[in-house]
Amino acid sequence: MKRTHWCGELRREHVGLEVVVNGWVHALRKVGRIVFLVVRDRSGLVQAVVTPKNPNYSLVSELSLESVVAIKGVVRLRPPNQVNPEMPTGEIEIDVKEVQVLNPAKPLPLPIFDKELMKTTSETFRLKYRYLDLRRFEMLRNLTVRAKFITALREFFNANGFIEVETPYLARSTPEGARDFLVPSRLYPGKFYSLTQSPQLFKQLLMIAGFERYYQVARCFRDEDPRADRQPEFTQFDVEMSFVTAEDVMNIVEEAMRYAFKKVFNVDLENPFPKIKYREAMDKYGIDKPDLRFELFLETVTEHVRGLIPLREGDVARALRFNFSEELTKNVEGLIKEIIPSDGKVKYVYVLRGSNDVVTNEVGLAGDLIKVFNLGIGEGLVVTSGEYIKASEAIGNLRNSLGKLLGLADKNTYKFAWVVDFPLFELDEEGRLTSMHHPFTSPKLEEIPKLDTNPLEVTAQAYDLILNGYEVGGGSIRINKRELQEKILAILGLSKDEMLDRYGFLLEALEYGAPPHGGIALGLDRLVAIALGYDNIREVIAFPKTKEMTDPMTGAPSKPPEEYLREIKWIKVLTD
RNA sequence: GCCGCGGUAGUAUAGCCCGGCCCAGUAUGCGGGCCUGUCGAGCCCGUGACCCGGGUUCAAAUCCCGGCCGCGGCGCCA
């Protein structure tokens with residue numbers, strides 16, 4: 001019995017046809033002596049009917065849910081009063097002639113087609129039986145949409161003269177940035193590959209190779225703690241172009257987004273996307289990836305609170321005020337406590353003025369703050385104090401989450417924007433200069449002289465693409481001259497020897513006719529997740545890891561057998 | 001590494017604050033039965049659980065301590 005039709009495509013026009021469908025037993029309803037069997041495949045559902053006259057009657061009536069079957073039968077119209085308007089195939093049903101049970105199924109551990117129960121089923125459990133979880137139409141849709149989105153981007157970039165090139169995942173470790181996943185080298189005991197954090201250097205080398213326009217759907221690996229929007233391995237849609245300015249890159253990426261969003265979601269995006277300067281973003285929103293779906297601005301209130309809140313030399317105070325409805329008081333308070341770091345670097349006060357009471361973490365201050373800020377009933381105020389960036393980020397982060405909690409952010413709006421004019425460097429915990437983007441980012445050429453005098457004031461030719469409070473892309477114009485690249489690496493504290501050891505291949509390549517070039521990496525998981533309305537990228541990844549970086553299904557990570565460790569010359573394992 | 005929340009049948013949830021009325025209730029699933037037009041089928045009967053370890057107490061699902069696991073966040077994420 002060979003499949004002739006998909007379940008979900010059968011319609012009135014197929015009436016009278018003998019068809020064969022394959023699929024899973026989605027539902028089995030025995031009403032009196034009639035058995036209604038709903039068969040499911042990727043395309044949808046169709047009802048089949050068996051009565052006691054049918055030689056397959058007992059076989060069908062004893063089927064278990066989710067068994068795999070092949071059904072041969074004749075499509076017929078349902079009696080007029082039995083049409084199910086909720087079902088695309090609801091006008092017809094299959095009068096069963098022959099049934100093959102290809103594989104009976106045991107009862108499922110996961111109630112996959114009980115929407116109510118699945119809403120609350122723990123994610124660990126879904127991940128343990130991910131192959132069942134993925135049978136749900138919602139997951140099928142998510143991954144289908146993801147595939148369509150990738151296809152749309154490929155179409156767009158192919159049509160614009162880009163070449164898709166694969167680059168290695170096993171590469172040389174470069175200690176900057178995130179922690180690497182290391183892979184021991186069997187042939188060179190004591191040496192390791194690292195899984196690429198991104199194709200950054202390879203794509204630059206492709207530009208030097210003269211490919212001019214490249215893209216790739218690239219897996220990236222970073223050994224840092226996951227979050228709802230971060231996984232240890234994730235997918236970037238990676239793009240690089242030669243002979244372009246930052247504007248050129250941003251323009252083509254905007255076009256790509258407009259094309260893909262229209263094609264896949266039928267959404268018209270703004271044209272052009274707004275651009276915000278980094279400093280303006282920090283000042284107005286306190287964060288470099290503000291959610292622009294709502295207007296709510298930070299204020300600098302250092303002078304208003306001087307004398308009330310203890311300020312160290314150079315500290316600033318930043319404030320966010322907002323209206324909230326009283327039943328959310330607890331949630332707002334919880335959010336503030338959760339988001340603002342309690343590491344002592346930032347101090348914070350909040351005052352939530354209800355109609356009968358005031359909720360605050362500083363009883364002694366609340367009265368004064370209400371007076372100073374003229375805080376009305378139903379208004380909340382959060383003041384952070386400390387070093388400008390820290391105080392701003394703490395409250396900016398809060399702003400993005402508060403927008404969701406207070407319903408300020410419209411779920412059906414996609415608010416893209418570019419954040420530009422990032423500083424080239426920032427200071428790390430130890431007060432050393434580090435690259436804000438990465439060490440291959442070009443400074444604005446006219447600011448090169450400032451590299452020696454005020455490196456922190458040098459602006460990068462870098463740009464982030466943001467969407468609804470998430471960073472969904474980041475890129476820059478790269479350095480294409482050896483001299484400048486060496487200078488940057490030197491400023492970052494690398495000795496000549498270290499430079500040559502780690503980046504010698506790049507530095508040399510820059511001398512053999514490296515064109516000006518730049519590009520971007522788009523966070524594909526985030527883009528698709530946000531477009532579908534999820535905060536959690538695991539919903540658009542077929543087999544994601546948990547927050548603790550495990551896979552409950554396969555049991556990864558696992559302990560390799562001793563012989564294997566011996567073979568790869570890596571038998572010393574330190575635990576803890 | 002840190003903070004918060006959580007862990008009760010296959011799944012989900014009630015009970016936990018305020019210990020005894022709980023050999024743990026409910027929904028769904030599963031097993032059996034009834035029903036010839038169901039489609040979240042319906043009705044009847046049955047089945048099955050307190051994360052692990054220690055402590056307090058006459059008595060622990062409930063209180064305390066430790067652990068494990070998960071989710072969210074902070075740090076981290078060039």
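These figures come from a predicted structure and were not determined experimentally. A note on names: the letters A, B, ... follow the listed sequences, proteins ahead of strands, and every chain is numbered from 1.
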Original post:
If you check every side-chain atom of Arg78(A), which of C76(B), U38(B), A27(B) has the closest atom?
Top reply: U38(B)

**OP:** Scan Leu110(A) against the nucleic acid and name what it touches under 4.0 Å (heavy atoms): base, sugar-phosphate only, or nothing.
**Re:** nothing

Subject >> d(CD1, Ile112(A); C1', A12(B)) in whole Å >> reply: 16 Å

Subject >> Nearest-nucleotide comparison on RNA chain B, the residue closer to the 5′ end among Thr434(A) and Leu127(A) >> reply: Leu127(A)

**OP:** Select one nucleotide: of G10(B), G1(B), C35(B), the one nearest the side-chain heavy atoms of Arg33(A).
**Re:** C35(B)

Original post:
Atom CD1 of Ile34(A) to atom C1' of U38(B): distance rounded to whole Å?
Top reply: 8 Å

Subject >> Salt-bridge contact Lys115(A)-Glu138(A) (side-chain N to carboxylate O under 4.0 Å) >> reply: no

**OP:** Send over the distance from Glu548(A) CD to G6(B) C1', rounded to a whole Å.
**Re:** 13 Å

Original post:
When rounded to the nearest Å, what value does the distance between C1' atoms of C17(B) and C63(B) take?
Top reply: 11 Å

Original post:
Is there a donor-acceptor contact under 3.5 Å linking the side chains of Gln216(A) and Thr167(A)?
Top reply: yes

**OP:** Over all heavy atoms of both residues, which pair between Leu110(A) and Thr121(A) is shortest? Give the atoms and the distance, please.
**Re:** CD1-CG2, 3.8 Å

**OP:** Look through every strand shown and name the nucleotide pairing with G6(B) as Watson-Crick or G-U wobble, where both distances are under 3.5 Å.
**Re:** C69(B)

Original post:
Does the distance from a Lys or Arg side-chain N to an Asp or Glu carboxylate O, for Glu91(A) and Arg11(A), drop under 4.0 Å?
Top reply: no

Original post:
Is C50(B) paired to anything, Watson-Crick or G-U wobble with both distances less than 3.5 Å, and if yes, which nucleotide?
Top reply: none

Subject >> Pair partner, A41(B) [Watson-Crick or wobble, under 3.5 Å] >> reply: none

**OP:** Name the nucleic acid region contacted by Asp114(A), choosing base, sugar-phosphate or nothing; use a 4.0 angstrom heavy-atom cut-off, strictly under.
**Re:** sugar-phosphate

Original post:
To the nearest angstrom, how far is Arg179(A) atom CZ from G75(B) atom C1'?
Top reply: 11 Å

Original post:
Has the side chain of Arg230(A) got a donor or acceptor atom sitting under 3.5 Å from an opposite partner on the base of C77(B)?
Top reply: yes

Original post:
Considering only G75(B), C71(B), C39(B), which nucleotide approaches the side chain of Lys547(A) most closely?
Top reply: C71(B)

**OP:** With heavy atoms under 4.0 Å as the rule, sort Thr550(A) into base, sugar-phosphate or nothing.
**Re:** sugar-phosphate

Subject >> Any-strand Watson-Crick or G-U partner of U56(B), both distances under 3.5 Å >> reply: none

**OP:** Provide the Watson-Crick or G-U wobble partner of A12(B), both distances under 3.5 Å; none if there is no partner.
**Re:** U26(B)

Original post:
If you look at every strand shown and take non-hydrogen atoms under 4.0 Å, does Arg538(A) touch a base, only sugar-phosphate, or nothing?
Top reply: sugar-phosphate

**OP:** Using whole Å, report how far CG of Asn81(A) lies from P of C39(B).
**Re:** 12 Å

**OP:** Starting from the 5' end of RNA chain B, give me the residue, Gln200(A) or Ser64(A), whose nearest nucleotide shows up first.
**Re:** Ser64(A)

Original post:
Are the charged groups of Arg126(A) and Glu539(A) less than 4.0 angstrom apart, N to O?
Top reply: yes

